[in-house]
Amino acid sequence: MTASGVVYPLVGLLVLVVPGLALQLAAGVRDKLWLAALTVPASIGVYVVAGVVSGIPGIAFNVVEVLVVTVVLVAVVFGVAALVRRRTGPVGATAVAEPPSWLPVLPGRLVLAAQIVGALLCLLAIALSFQPWRSGLGGWDTFPQEHDTIIHTVLVGYIAHTGNGAPWELLPLDMLTGQPVSFYPSGLPLTAALSGELAGGPIVGFNVVNALCAGPAFVLGSAALVAAVLRRLNAGRDWTALAGGVAAIVAAGLYRPGVNLLHDGGIAPNAVAMSLTPGLIAAVITIGRGQWLRAVLLGLGVAGVFAVHPSMVASVGGSLLVFWIVEAFTSSGRAAWKGQLPMLAVGAVIAAVAAAGQLIGSVGQATRTGSWQPDIGAAPFGDAVGTNLVLSYGGYFDPKQGYAQLAAGLLALLGVAAVLMTRRAWGALAMWLFWMFVSVDFKVSPTSGFGSLIGSAFYKSYVRIQAHVSLFVPLLAALGVVFLAIGAAKLAAKWERLPAFASALRKPAVPAAVLVGLILVAYLLGASRQYEHMNAKIVAQRYAAPEFVRVNDDDRKAADWLKAHVEPGERVMNSANDGSTYSYIADDVPVVNVVTLGAIQAPYTYELLKSFRDYPTDPKIRQLLLSLNVAYVYTDSEAPTMGAGPGAPNNWLGEPTFKLAPGLQHLDGLPGLSEAFTSGTVKIYRLDRTALESTTP
């Protein structure tokens with residue numbers, strides 16, 4: 001492993017951890033559940049605030065500005081916390097409630113042992129979840145090949161090159177003027193740009209942040225969620241820690257959400273937002289009465305995840321709504337909700353203020369997500385249910401659904417049975433059932449019904465909707481294993497007649513430990529290894545060993561050539577569906593198109609994609625080229641085929657798929673156009689401005 005292979009992810013880890021951790025420590029938070037659940041969302045929330053501050057003239061979004069914003073926020077939180085302590089006195093030790101009668105009490109040394117085991121399992125899970133990305137990427141500077149990542153990486157590059165980070169500045173459609181702006185959520189690009197500034201550049205920052213959020217952050221958030229559910233049941237530190245470790249191990253190998261969404265379209269912001277969802281839910285359901293500073297930090301974390309992808313309102317909000325509805329049927333649930341309500345109100349206000357720019361931009365774009373047509377046809381009910389229960393891979397990797405994460409699915413079903421039998425943790429079951437229903441209903445009837453309604457928040461994309469089911473698989477799996485172990489411990493305590501050699505089995509901890517140990521060993525040696533290898537293979541299909549190529553060495557050479565030849569104020573005509581945007585991301589070369597089909601806010605983009613080659617006879621095209629000062633034309637005879645999707649600007653394409661821009665084909669021999677650079681399938685032409693000015697129809 002090279003030094004950069006260690007330094008780059010370490011820098012990304014610091015970017016994701018330092019601000020959120022510092023804020024929580026300043027607020028006096030020492031709760032490991034919250035530190036695991038809210039650190040990354042709060043860090044991104046800080047970057048969202050710093051992005052808004054960068055909108056003040058003369059202030060750029062960069063490491064220095066972010067450091068200043070972080071120090072100011074930490075100082076304010078620390079000062080408020082100190083003032084609260086001065087007025088109320090030191091916080092005493094929290095009274096530990098008596099364990100419920102249904103829960104076997106373990107000796108003190110076993111409580112510590114369970115906590116250690118839980119922590120070790122979490123560490124192992126972090127490594128298991130990170131490995132597929134480390135190996136599948138083939139290097140942190142590997143350029144992603146998927147379609148959606150074109151926009152994401154361009155936006156990371158724009159922030160890095162210009163220092164613009166305010167919501168109203170992102171995403172610009174002209175890299176020179178910064179106008180017009182087509183709003184795009186900036187939580188992920190801001191974080192990636194900061195990581196890249198510290199080490200490796202925009203592509204490295206983007207890859208590292210994706211890997212850390214979809215892997216370790218998801219693992220810790222899943223552990224925090226099961227711990228939060230068991231904390232509400234007063235399960236004790238021993239069983240809670242053990243359950244968290246089990247949830248982490250299961251989460252580490254799941255195909256969804258991270259690997260699946262980044263493989264099937266490169267849907268990075270949605271993948272990251274979903275990966276942070278379990279932790280955010282865990283923080284919400286464990287905030288306590290009078291924890292005002294935690295409420296502020298929670299609001300900042302919500303703002304951060306919202307800025308990553310606004311669909312988190314449905315992901316987090318829908319899940320919490322069914323959780324609270326079910327919990328309202330219990331007296332303890334109603335009491336907890338009443339105590340939390342003021343805290344949640346404060347958090348909501350802070351979130352709205354911190355993410356105001358993102359919120360306004362998202363509202364303006366909201367109608368777009370619901371106008372898309374479903375990306376799947378109707379399927380039989382049995383197929384819809386079965387594939388979601390067994391966690392089949394499906395999608396572009398497994399179109400015939402021949403592979404499934406059966407072991408994880410079975411553990412989740414064990415959790416379902418455990419909840420039904422023990423009649424506890426109904427809220428956990430409700431969240432899983434809710435998204436199961438949404439996913440199944442959408443697959444059975446994608447154009448109508450409740451699933452289609454909820455799916456409107458996710459572009460009616462089944463790959464995005466289905467990913468929600470997996471968010472709660474670690475939770476149910478952990479509940480299943482731990483409830484089974486608790487049952488074994490209680491049963492052992494009732495055994496009166498046992499042979500002398502088996503008398504140790506009467507100690508509740510022994511059968512529980514043996515049962516959990518056997519399940520974990522079997523899962524780690526079997527399913528976890530298989531899932532890790534499969535995920536690494538799937539990641540590699542878009543990075544280290546791509547099934548299709550959008551950016552290759554020819555594009556890198558072309559970018560270097562353009563950097564040396566493009567003069568200030570000049571632009572490069574291109575199609576964003578090939579590797580030409582790399583010229584901007586890596587070398588700040590202003591290309592005309594950063595959106596594959598052109599942008600409705602800038603009609604010249606798709607007009608040139610369609611008709612650039614007509615400039616000798618079309619004065620309108622000539623005038624566009626002159627006004628844009630297009631000096632070079634970037635063409636590539638090979639590019640991946642992508643879905644054109646519904647609502648192409650002005651329907652200029654008229655085809656369901658897109659590969660090569662018609663206006664950039666067959667350019668040889670056009671007046672004023674001369675070949676300037678060639679490498680493989682990439683060709684760059686020099687466009688003579690004087691020829692444009694003198695050309696007549």
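Across every non-hydrogen atom of Trp435 and Ser319, the tightest pair is NE1-OG, 2.8 Å. Contact record, Met431 with Val322: CA-CG2, 3.9 Å, taken as the closest heavy-atom pair. Smallest separation of non-hydrogen atoms from Val226 and Leu475: CA-CD1, 3.5 Å. Considering all non-hydrogen atoms of both residues, Leu190 and Gly51 come closest at CD1-CA, 4.5 Å. Scanning all heavy atoms of the two residues, the minimum distance from Phe381 to Val444 falls at CA-CG2, 3.8 Å. Taking each heavy atom of Ala252 and Ala125 in turn, the nearest pair found is CB-O, 3.4 Å.
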Fill in: Candidate pair Asp31 and Arg231, rule salt bridge (Lys or Arg N to Asp or Glu O under 4.0 Å), full reasoning
CA-CA 12 Å; Asp31 186 341; Arg231 180 177 293 183; 2.6 Å; yes
Practice prompt. Give the intermediate values and the outcome of side-chain contact (heavy atoms from CB on, under 4.5 Å) for residues Trp337 and Leu344.
Written response: CA-CA 10 Å; Trp337 163 248; Leu344 297 177; 3.5 Å; yes
Practice prompt. Any chance you could lay out the side-chain contact (heavy atoms from CB on, under 4.5 Å) test for Leu262 and Trp133, step after step, and finish with the verdict?
Written response: CA-CA 11 Å; Leu262 281 161; Trp133 298 98; 3.2 Å; yes
Practice prompt. Begin with the C-alpha distance, continue with both residues' side-chain angles, and end with the deciding distance and a verdict on salt bridge (Lys or Arg N to Asp or Glu O under 4.0 Å) for Glu327 and Arg334.
Written response: CA-CA 7 Å; Glu327 289 283 296; Arg334 291 191 297 272; over 6 Å; no
Discussion item. Using the rule given for side-chain contact (heavy atoms from CB on, under 4.5 Å), can you reason through Val516 versus Val481, listing the C-alpha separation, both sets of side-chain angles and the distance that settles it, and then say yes or no?
Written reply: CA-CA 7 Å; Val516 172; Val481 172; 4.1 Å; yes
Worksheet item: Could you go step by step and tell me if Trp292 and Val84 meet the side-chain contact (heavy atoms from CB on, under 4.5 Å) rule?
Response: CA-CA 10 Å; Trp292 301 107; Val84 170; over 6 Å; no
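The distance from atom CD1 of Ile44 to atom CG of Leu188, rounded to the nearest 0.5 Å, is 7.5 Å. Note that CG of Leu476 and CG of Leu413 are 8.5 Å apart. Values are rounded to the nearest 0.5 Å. One distance of note links CG of Leu225 with CD1 of Ile285; it measures 5.5 Å at 0.5 Å rounding. Considering CG of Leu524 and CZ of Arg529, their distance stands at 10.5 Å, rounded to 0.5 Å. Atom CZ of Arg424 is separated from atom CZ of Phe483 by 7.0 Å, given to the nearest 0.5 angstrom. Annotation: the span from Leu297 atom CG to Leu73 atom CG amounts to 10.0 Å, rounded to 0.5 Å.
Taking the six-membered ring for Trp and thresholds of 30 and 60 degrees, Phe437 and Phe450 have ring planes inclined between 30 and 60 degrees apart.
Contact of the Gln115 side chain with the Asp238 side chain is not registered, since no non-hydrogen atoms from C-beta on lie closer than 4.5 Å. Within the 4.5 Å cutoff, the side chain of Leu389 has no heavy atoms near those of the Val469 side chain. By the 4.5 Å heavy-atom criterion applied to side chains, Phe434 and Leu321 are not counted as neighbours. Using a 4.5 Å cut-off on side-chain heavy atoms (C-beta onward), Arg30 and Leu25 make contact. In this structure, the side chains of Tyr531 and Tyr255 stay at 4.5 Å or more apart for every pair of heavy atoms. Side-chain contact between Ile519 and Leu484 is present, with at least one heavy-atom pair separated by less than 4.5 Å. In this structure, Phe78 and Leu83 have side chains that are not in contact, with every pair of non-hydrogen atoms separated by 4.5 Å or more. Contact check for Val272 versus Val209: no side-chain heavy atoms found under the 4.5 Å cut-off.
Side chain of Ser129 to main chain of Ile126: a donor-acceptor pair is present (N/O by atom type, distance under 3.5 Å, no hydrogens or angles). Judged purely by atom type and a 3.5 angstrom limit, Asp441 has no side-chain atom pairing as donor or acceptor with the backbone of Gly449. Of the possible donor and acceptor atoms, none in the side chain of Gln24 sits under 3.5 Å from a partner among the backbone N and O of Leu21. Ser456 places a side-chain N or O within donor-acceptor distance of the main-chain N or O of Ser452, the cut-off being under 3.5 Å. Judged by distance alone, the side chain of Tyr47 and the main-chain N or O of Val15 form a donor-acceptor pair under 3.5 Å.
Counted within 6.0 Å of CZ on Arg423, heavy atoms from surrounding residues, nucleotides or ligands total 12 or fewer; the atom is thus considered open.
Between His468 and Phe458, a ring centre-to-centre spacing shorter than 6.0 Å is recorded.
Residues Arg256 and Gln466 have side chains that bring a donor and an acceptor to within less than 3.5 angstrom of each other.
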